[in-house]
Each structure stands twice: as C-alpha cells, then as structure tokens.
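For the numbers below, each heavy atom of this structure counts, side chains included, while hydrogens, waters and symmetry mates do not.
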Amino acid sequence: LLVALVIMFSGCADGQTSADVANVSQFGMAPGPGGAGGACTNAMISVLQQKPQITIIELLEEMRKILERKGFKQVPQLSTSRPIDMGQPFTFGLLNH
C-alpha cells in the first residue's frame with residue numbers, strides 16, 4: 001500500500017473568506033491578464049521571489065505577515081496528510097517526510 005503525502009496551503013482558516021485583489025501590483029507583481037489574483041497566492045509568490053531558499057514554516061509565516069501588513073484579515077493555513085518537518089526547505093518537488 002502506497003500512502004500519498006499531500007501538502008496544501010489554503011488561503012485562509014475555515015471560518016474565513018480568501019480574498020482576491022483587483023491589482024496584483026500591490027504585491028510587487030507584474031499584472032497579468034486582467035491584473036487580478038488571489039491575495040494568498042500573490043503573497044506566496046512575493047515571498048518566494050524575495051527568498052527562494054526558505055523553509056516551509058518561514059514561508060507560511062512570511063505569507064501571513066504580508067497579508068496582515070496589507071490589511072487582509074485572512075490567515076493562510078497549511079494542511080498535510082501526515083506529519084512533516086516544517087523546518088525543511090520548501091520545494092515544489094518531493095519533500096522529506
């Protein structure tokens with residue numbers, strides 16, 4: 001039996017609403033088609049552009065700080081299908097578990 005490791009960043013806590021932004025340039029992003037996007041997604045991209053070598057917990061904390069500074073009430077969350085080392089480097093590839 002092979003059990004998958006699922007890691008998910010969500011834009012907010014269960015009792016909150018995840019906001020969109022009308023103009024992603026407020027996150028230092030070049031506007032794409034329409035210029036809009038998700039606040040949490042843009043916070044994540046902003047952090048990774050500034051600090052590509054970052055741990056999972058640092059990424060989550062920095063995303064939260066950016067959103068709070070910009071006046072968003074949402075608090076990004078991290079869920080996993082099993083325990084992981086939050087101090088390991090963030091990657092879009094496979095993680096150690």
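Phe27 has its side chain within reach of Leu67: a pair of non-hydrogen atoms, C-beta onward, lies under 4.5 Å apart. Between Met63 and Cys40 there is a side-chain heavy-atom pair separated by less than 4.5 Å. Inter-residue side-chain proximity for Val21 and Lys70 is flagged as unmet; no heavy-atom pair is nearer than 4.5 Å.
The shortest heavy-atom contact between Asp85 and Ile56 is O-CD1, 4.0 Å. When every heavy atom of Asp20 is checked against every heavy atom of Phe72, the shortest pair comes out as O-CE2, 4.5 Å. Shown here for Thr55 and Met86, the closest heavy-atom pair between the two residues is CB-O, 4.0 Å.
Legend: residues meeting side-chain contact (heavy atoms from CB on, under 4.5 Å) with Gln16, ordered by chain and number and at least two apart, are Cys12, Ala13, Gln74, Val75. Applying the side chain to side chain donor-acceptor pair (under 3.5 Å) rule to Lys65 yields the partners Glu62; only residues at least two apart in sequence or on another chain are considered. Ile45 meets the side-chain contact (heavy atoms from CB on, under 4.5 Å) test with Met29, Thr41, Gln49; sequence neighbours excluded. With sequence neighbours excluded, the residues forming a side chain to side chain donor-acceptor pair (under 3.5 Å) with Gln50 are Ser46, listed by chain and number. Taking the side chain to side chain donor-acceptor pair (under 3.5 Å) definition, one finds that Ser81 meets it with nothing, sequence neighbours left out. For Glu68, there are no salt bridge (Lys or Arg N to Asp or Glu O under 4.0 Å) partners at least two apart in sequence or on another chain.
Taking CD1 of Ile57 as the reference point, atom CD1 of Ile84 lies at 9.0 Å (rounded to 0.5 Å). In this structure, Glu61 CD and Ile66 CD1 are separated by 12.5 Å, a value rounded to the nearest 0.5 Å.
Shown here is Lys73, whose NZ atom has no more than 12 heavy atoms of other residues, nucleotides or ligands within 6.0 Å.
Hydrophobic clustering, with ILVMFWY side chains joined whenever heavy atoms are under 4.5 angstrom apart, keeps Val6 apart from Phe92.
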